[in-house]
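Take a look at the structure below.
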Amino acid sequence: MFLPKYPDSPTPPPAHAHTVVEQVPARRPAPQVSVSTGAVAAVLVGGVVLTALLAAVAVTAVSVAVAAVVLRSLLRDQHRR
């Protein structure tokens, strides 16, 4: 049942030998990426706006810290009197 079945008349070996040719892998073309001037302008404007917001947050934090130090010194002077 599980024994292989061989053909009755064996076929002769081929007269010529096959040579293996190395196949060059097919290169997929890179997708063309086109960047419009509107996209570049939007990225630049977004970067400028985000940088301005970050600078505004930093200036606000520094001014709040300075105000806290001034108020602390004023309140300390009143408690000493």
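Quick caveat: nothing in here was measured; it's all calculated off a predicted structure.
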Solution key, residues 44-51 side-chain donor-acceptor pairs under 3.5 Å, sequence neighbours excluded:
{"from": "Thr51", "atom 1": "OG1", "to": "Gly47", "atom 2": "O", "distance (Å)": "2.7"}

Less than 3.5 Å apart, which donor and acceptor atoms pair up between the side chains of residues 33-42 and the rest of the protein, not counting sequence neighbours?
{"from": "Ser36", "atom 1": "OG", "to": "Ala39", "atom 2": "N", "distance (Å)": "3.4"}

Would you mind writing out the side-chain donor-acceptor pairs for residues 53-64 within the sub-3.5 Å range, not counting sequence neighbours?
{"from": "Thr60", "atom 1": "OG1", "to": "Ala56", "atom 2": "O", "distance (Å)": "2.7"}
{"from": "Ser63", "atom 1": "OG", "to": "Val59", "atom 2": "O", "distance (Å)": "3.3"}
{"from": "Ser63", "atom 1": "OG", "to": "Thr60", "atom 2": "O", "distance (Å)": "2.8"}

